[in-house]
Amino acid sequence: MHNKRGKMLLSTLFTASMVLSACSGSNTQSNSGSAGTDQGGEEKVKLVVWIWEQAKAGIDLNMDRFKEAYPNIEVEFQTMKSTDLYQKYLVSSNTDDAVPDVLALESTNLSQMVEINSLLDITEHVAPYKDNIVPYKWKDATMDGKIYAMPWDSGPVVMFYRNDLFAKAGLPTDPDEVAAKIKTWDDYYQAAKLVKEKTGAFMYGDSKTNSSNRVFESMMWQRGYWYFDENGKVTVDSPEVKEITDYLIKLQQEELVYDARANSDPWGNAIGEGKIASVVGGSWHDAIIEKQYSPQDSGKWSVTTMPKWSADDKYGGANQGGSNMAINKNSKHPEEAWKFIEFMLGDKESQTKMMLEAGLFPSLKTVYSDSAMDKPFDYFKGQPILKVYAKSLESTYPLAYTSDFPMANKLMTDVWAKVFLNDASSGDALKTMADELRQKTKRE
C-alpha cells in the first residue's frame, strides 16, 4: 500500500519539479575539516547537506565542535527555501542521485518524502533515542515499522498574549492566572469579547478567505482529531471537526479576529501596532514577535498554555511545524551522514545551544531537565518561557501529519472561503471537502 501511494505521489509531483532542477547549486556554503583522532589516517569524506537558512543557523552554532570530533568529515551546506528543497529532492530521488547525503525536512512534508521510498532506513541508529524523543515526532518518520528520519525541533503550541491589553480589559496578566482564567476555548471567546470592548484590539489574527488553518489545526490536534483518523479514513466531516469550525466562524462573524493570514506581513504589522492581543501558535512565534514585528514591545508579551475544548480534556497541547533530518538512501557516505545527524540532533549540548541561541525548541526530552530551561527572557517580562513550551509538549496528543496533509490544508482554506464568500454552511463545505479528499487520495 505504501509503495503504491508513494509512486502516485512521485508521479504527481515529478513533472512540476523538473523546472527546478537547474537550481541545485544555488546558495552553497562549505565547512571543512577531517575524521576524529581515532580515524586520523582516513581520507576526508565530503557530505552535502540540503537545508534552509533558519535551520542552518542552528547547525552553525555546533559546527566547530563537530569539526573537532570528526576532522575527516567535510560538510558542504546547500541552502534554499524549504519548498524548493522538496521539489528538488523529488527530482534527485527519481534519478537515484547520491546528492544530497543529508536533508532537513519539515514535519509537514516528512511523510510525503518517506512514502516515495527515497530515504535510508535508520531504525537501528535511532533505537537508543526512541524513548528520549517526544512520541508524536516518530509517527511521520515511520513506515511499515521502520524509521527514516531523526526528529529535530518541535513546535509546541502555546498562547502568547499582550499583558498590557489584557490588563486594560480587566483580565489577569500573570501567566498562571491567565491559564486559570482562560482554561477553555469558551473562556477564550469570553476574553476576546472583553478585549474588543475595552481596548478595541482583536483577540488573534487570521484571514477569512485565505486562512493558514493554524489555530483550527491546533484545536483539532489537541483533541486527537485530524483530517484523517488513525486508520487513514477521512474525518474532516465529523461532528467534532464541524464543532471546531463553527466556533471559529463565530469569532470571525463577531469581528473578534483581525482579518489577515497568520504569519503574513499584514498580520505581523497588526501585532506591531498593538491590534492583536494574542497568538495561539508554535513556540517559534517568540522570535517572530520579538525580532521581526514587535521589537519595541519588550515586557508587554507573556506566554501561557493554550486553552482546551473542555477543562477536563486529557491533552492540552498541540504542535505546529517542527523539522527533522534524514539520509538519502543513495548516499555514498551513510555512516558519516549519521554521525553528523547524531551529533547535531542526538547530543544534549548541541540541542541546548540551538534552543537558547537559534530558537529551535528540541524534541530531545533530556534537554528539558537542563538548567537552561530556567533562563528568564527579558522580552517576555523575565518569564522562563521554555518551561511553558515543555509543558505543552508533555500534554500533546501523538498525532501524525500524514502525506496528504498539504492537500488537506489547502482544501480547508477553501472551506473558509466558501463559508465567508459564498454563504455556504459549514456542514456542506466540510462534506464537499471530505468527498474531494476521498476521491483524490483514494481514502475511505
Side-chain angles (χ1 to χ4, degrees), residues 107-108 110-111 130-142 151 153-161 175-176 178-189 191 204 212-236 238-248 251 278-285 303-322 324 361-365 367-369 373 385-402 405 408-409 412:
S107 294
T108 50
L110 174 59
S111 186
K130 279 297 297 291
D131 294 335
N132 287 327
I133 300 285
V134 288
Y136 77 86
K137 290 287 292 187
W138 293 114
K139 285 185 170 289
D140 284 306
T142 303
D153 62 309
S154 295
V157 177
V158 295
M159 184 172 78
F160 299 89
Y161 64 94
D176 291 336
V178 171
K181 179 70 173 178
I182 307 180
K183 287 182 180 179
T184 68
W185 284 104
D186 184 63
D187 294 336
Y188 185 81
Y189 165 65
Y204 72 100
S212 65
N213 303 312
R214 293 192 185 280
V215 174
F216 169 74
E217 289 167 354
S218 295
M219 293 178 71
M220 282 201 298
W221 192 308
Q222 73 175 169
R223 297 178 68 187
Y225 301 116
W226 200 236
Y227 297 110
F228 320 100
D229 66 16
E230 292 186 353
N231 296 316
K233 294 182 179 180
V234 175
T235 54
V236 73
S238 69
E240 294 84 3
V241 174
K242 181 180 182 299
E243 191 175 46
I244 295 169
T245 305
D246 289 342
Y247 170 86
L248 294 175
L251 267 67
S278 74
V279 175
V280 178
S283 56
W284 40 269
H285 282 90
V303 188
T304 193
T305 50
M306 68 183 290
K308 297 180 178 181
W309 189 260
S310 299
D312 58 353
D313 284 350
K314 179 178 179 181
Y315 295 97
N319 178 68
Q320 280 185 11
N324 315 266
F361 194 77
S363 301
L364 187 66
K365 295 190 291 184
V367 178
Y368 304 164
S369 59
M373 297 294 293
I385 61 175
L386 300 175
K387 287 185 173 182
V388 186
Y389 302 162
K391 183 176 181 180
S392 173
L393 275 183
E394 290 167 1
S395 182
T396 295
Y397 187 89
L399 197 72
Y401 273 103
T402 77
F405 166 75
N409 176 271
M412 190 64 212

| query | For the atom pair CG (Leu110) and CZ (Phe405), what is the distance rounded to the nearest 0.5 Å? | reply | 13.0 Å
| request: Take atom NZ of Lys181 as the centre, draw a 6.0 Å sphere, and report whether it contains more than 12 heavy atoms from other residues, nucleotides or ligands. | output: no
| request: Under the salt bridge (charged side-chain N to carboxylate O under 4.0 Å, His left out) rule, collect the residues that match up with Lys387, sequence neighbours excluded. | output: Asp374
| query | Between atom OG1 of Thr402 and atom CG of Asp140, what is the distance when rounded to the nearest 0.5 Å? | reply | 7.0 Å
| What's the verdict on side chain to side chain contact (heavy atoms under 4.5 Å, CB included) for Met412 and Thr245, showing C-alpha distance, side-chain angles and the deciding distance? | CA-CA 10 Å; Met412 190 64 212; Thr245 305; 4.1 Å; yes
| task | Evaluate the side-chain proximity of Asn319 to Trp221: yes if any heavy-atom separation is below 4.5 Å, no if none is. | result | yes
| Within a strict 4.5 Å, meaning less than it, do heavy atoms of the Trp284 and Gln320 side chains meet? | yes
| message | On a heavy-atom basis, which atom in Met306 and which in Gly316 lie closest, and how many Å separate them? | response | CG-O, 3.2 Å
| request: Return the set of residues passing side-chain hydrogen bond (donor to acceptor under 3.5 Å, both in side chains) with Lys242 (not counting sequence neighbours), or none when no residue passes. | output: Asp246
| field | Side-chain (Ser392) to main-chain (Val388) donor-acceptor, under 3.5 angstrom | value | no
| Is a donor on one side and an acceptor on the other found under 3.5 Å between the side chain of Thr235 and the backbone of Trp226? | yes
| note | Looking only at heavy atoms, the pair that brings Gly281 and His285 closest together is C-ND1, 3.6 Å
| task | Decide if atom CD of Glu230 counts as having more than 12 heavy atoms of other residues, nucleotides or ligands within a radius under 6.0 Å. | result | no
| remark: For Trp138 and Pro151 the tightest heavy-atom approach is CZ3-CD, 3.4 Å
| field | Validation row, ring centre Tyr368 to ring centre Phe361 under 6.0 Å | value | yes
| said: For Ser107 versus Asn324, what's the shortest heavy-atom pair and its separation? | reply: OG-ND2, 3.2 Å
Pair up each side-chain donor or acceptor in residues 153-161 with any protein partner under 3.5 Å, not counting sequence neighbours, and list the distances.
from: Asp153; atom 1: OD1; to: Ser323; atom 2: N; distance (Å): 3.1
from: Asp153; atom 1: OD1; to: Ser323; atom 2: OG; distance (Å): 2.2
from: Ser154; atom 1: OG; to: Tyr136; atom 2: OH; distance (Å): 3.4
from: Ser154; atom 1: OG; to: Ser363; atom 2: OG; distance (Å): 2.6
from: Tyr161; atom 1: OH; to: Thr173; atom 2: O; distance (Å): 2.6

| remark: The residue among Met219, Glu217, Glu243, Glu240 that forms side-chain contact (heavy atoms from CB on, under 4.5 Å) with Tyr225 is Glu240
| request: Check for a donor-acceptor pair, side chain of Tyr401 on one end and backbone N or O of Lys139 on the other, with a separation under 3.5 Å. | output: no
| Derivation of the side chain to side chain contact (heavy atoms under 4.5 Å, CB included) call for Phe216 and Val241 | CA-CA 9 Å; Phe216 169 74; Val241 174; 3.7 Å; yes
| request: Run the ring-centre check on Trp309 versus Tyr315 and record whether the distance is less than 6.0 Å. | output: no
| said: What I'd like to find out is whether the side chain of Pro307 reaches to under 4.5 Å of the side chain of Thr184, using heavy atoms alone. | reply: no
| request: Check whether any side-chain heavy atom of Tyr204 sits under 4.5 Å from a side-chain heavy atom of Leu248, and report yes or no. | output: yes
| Residue that, paired with Val303, satisfies side-chain contact (heavy atoms from CB on, under 4.5 Å) out of Val279, Ile385, Leu386 | Ile385
| remark: Minimal heavy-atom distance between Ala180 and Lys183, with the atoms involved, is O-CG, 3.3 Å
| task | Given side chain to side chain contact (heavy atoms under 4.5 Å, CB included), test Gln222 with Asp313 step by step and report yes or no. | result | CA-CA 9 Å; Gln222 73 175 169; Asp313 284 350; 6.0 Å; no
| request: Specify the closest pair of heavy atoms between Leu393 and Val134, including all atoms of both residues, with the distance to one decimal. | output: CD1-CG1, 4.0 Å
| query | Is a side-chain N or O of Asp229 found less than 3.5 angstrom from the main chain of Asn231, in a donor-acceptor match? | reply | yes
| Heavy atoms, side chains only, cut-off 4.5 Å: are Thr304 and Asp176 in contact? | no
